[in-house]
Amino acid sequence: MKLSELRGRKVVSRSSAEQLGEVTDLTVDLATSHVRALSLGKGRKAREVAWSDLHSVGPDAVIVEEDDRVVDAPPAAASPVGRLTLSDSGNALGDLSDVTFDEESGKISSVTTVQGEVEADRLLAVGPYAVIIATREEAEVPG
Amino acid sequence: MNNLLLRATELVGLPVVTIDAGEAIADTKDVIYSSDRGRVLGFTLNKRGRLRGPAKEMLPIDQVHAVGRDAVMVANAGALASPSDAPAQEAQDAAGRNVLGNSVLTDDGKQLGKVTDLIVEMNAGEVVGYQLAGDESLQGRAGQPLLLPLPATLAVSGDVLMVPGSVEVFIRDDLSGFGSAVDDFRAQLKGASE
């Protein structure tokens with residue numbers, strides 16, 4: 001599944017049936033190549049729910065066990081989406097537009113850049129300036 | 001090997017980005033160049049953001065992972081060196097070394113032009129050529145930027161750079177093919193001295 005498909009889906013508590021918000025974004029754990037958390041809301045009011053606290057990701061709603069699993073997003077947690085992608089050889093690949101992941105496990109398979117899909121194992125860092133991508137063995141196409 | 005030729009002025013103002021954290025830790029301010037050794041020694045830096053301005057630290061060339069069109073890549077924030085760690089000449093800018101604006105004279109006594117930029121081969125950190133504002137003596141090329149291959153060694157005085165007269169046929173107009181012009185010129189010089 002892609003983040004672009006999940007964006008706007010409502011987040012509902014399993015225990016209270018309350019709607020807690022809508023998915024706006026996600027953050028990633030590069031060490032494990034998994035989705036770390038889904039974000040609700042934007043900017044300073046951003047809140048999030050950890051992937052491990054999800055009960056299910058359904059076609060119409062994301063179900064969370066309890067209301068209190070939606071917490072304030074830590075300031076350091078940044079989404080890779082919309083960020084500049086930069087190869088480790090110093091060439092920009094355009095902005096990162098989407099993330100593809102397994103909706104059961106949260107395992108990230110690839111990200112989408114202006115120049116196409118990049119496998120998740122080539123992601124080296126998600127930083128405040130750029131998402132760093134390992135250069136493939138074959139030569140880069142000069143742009 | 002794919003040798004990456006860049007103009008030194010294109011290396012100015014690039015972000016210095018860490019590979020481990022995706023963070024821009026500085027902008028390049030100038031290329032530090034040793035004219036006697038023909039080497040790029042590193043970069044002087046500007047701070048980024050609200051504290052914009054010259055940074056105390058410099059970036060030694062051996063800490064550079066790669067130089068691309070959009071960024072200078074380093075492994076991590078530890079790549080920057082304080083000027084006290086760097087050799088004295090590394091703490092100076094290329095501009096301070098006064099190569100730009102110098103006249104290039106062949107050993108046949110012909111003036112080819114004035115240096116407007118340095119052509120750097122970034123994999124080796126070597127200055128392989130100069131971009132010149134060509135003199136009128138170069139028919140049909142006056143006013144056009146010229147790319148002049150440099151010999152491996154070069155005589156430099158206060159404001160004149162002396163090059164072999166045979167260089168003239170290796171002058172190019174653009175960077176594509178300039179790498180092989182440098183190789184051919186140097187091979188020819190080597191052959192002549194043997």
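Bear in mind the structure is a predicted one, so any value in this text is a computation, not a measurement. Lettering follows sequence order; numbering is per chain, from 1.
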Participant: Can you name the nearest heavy-atom pair linking B:Asp70 to A:Ala92, along with the distance?
Facilitator: OD2-N, 2.5 Å
Participant: Could you report the tightest heavy-atom contact between A:Pro128 and B:Glu23, atom names first, then the distance?
Facilitator: CG-CG, 3.6 Å
Participant: Could you state whether A:Tyr129 and B:Leu80 fall into the same hydrophobic cluster, counting links through intermediate Ile, Leu, Val, Met, Phe, Trp or Tyr residues with side-chain heavy atoms under 4.5 angstrom apart?
Facilitator: no
Participant: Looking only at heavy atoms, which two atoms of A:Asp88 and B:His65 are closest? And how far apart?
Facilitator: O-CD2, 3.1 Å
Participant: Once you round to the nearest 0.5 Å, how far does CD1 of B:Ile19 lie from CD1 of A:Ile133?
Facilitator: 12.5 Å
Participant: Let me confirm one number: the CZ-OG distance from B:Arg69 to A:Ser89, rounded to the nearest 0.5 Å.
Facilitator: 8.0 Å
Participant: Decide whether A:Val118 and A:Val81 are clustered together by the hydrophobic rule: side chain heavy atoms of Ile, Leu, Val, Met, Phe, Trp, Tyr closer than 4.5 Å, transitively.
Facilitator: yes
Participant: Sort B:Ala24 into side chain, backbone, both or neither according to what part of it lies under 4.5 angstrom from a heavy atom of chain A.
Facilitator: both
Participant: If you apply the rule side chain to side chain contact (heavy atoms under 4.5 Å, CB included), what do you find for B:Asp20 with A:Leu124, and how did you get there?
Facilitator: CA-CA 7 Å; B:Asp20 72 332; A:Leu124 298 178; over 6 Å; no
Participant: Decide if atom NZ of A:Lys107 counts as having more than 12 heavy atoms of other residues, nucleotides or ligands within a radius under 6.0 Å.
Facilitator: yes
Participant: Let me check something: do B:Met73 and B:Leu41 share a hydrophobic cluster, defined by ILVMFWY side-chain heavy atoms less than 4.5 Å apart, either directly or through other members?
Facilitator: no
Participant: Specify the closest pair of heavy atoms between B:Gly22 and A:Ile132, including all atoms of both residues, with the distance to one decimal.
Facilitator: CA-CG1, 3.6 Å
Participant: Checking B:Val72 against chain A: side chain, backbone, both or neither under 4.5 Å from a heavy atom?
Facilitator: neither
Participant: Has A:Asn91 got a side-chain atom pairing as donor or acceptor with B:Gly68's backbone, closer than 3.5 angstrom?
Facilitator: no
Participant: Heavy-atom distance under 4.5 Å to chain B: side chain of A:Val126, backbone, both or neither?
Facilitator: backbone
Participant: Examine B:Val74 and A:Leu84 and state if one hydrophobic cluster contains both, with Ile, Leu, Val, Met, Phe, Trp and Tyr joined whenever side-chain heavy atoms are less than 4.5 Å apart.
Facilitator: no
Participant: Determine, using the 4.5 Å side-chain heavy-atom cutoff (strictly less than), whether B:Val167 and B:Leu118 are members of one ILVMFWY cluster.
Facilitator: yes
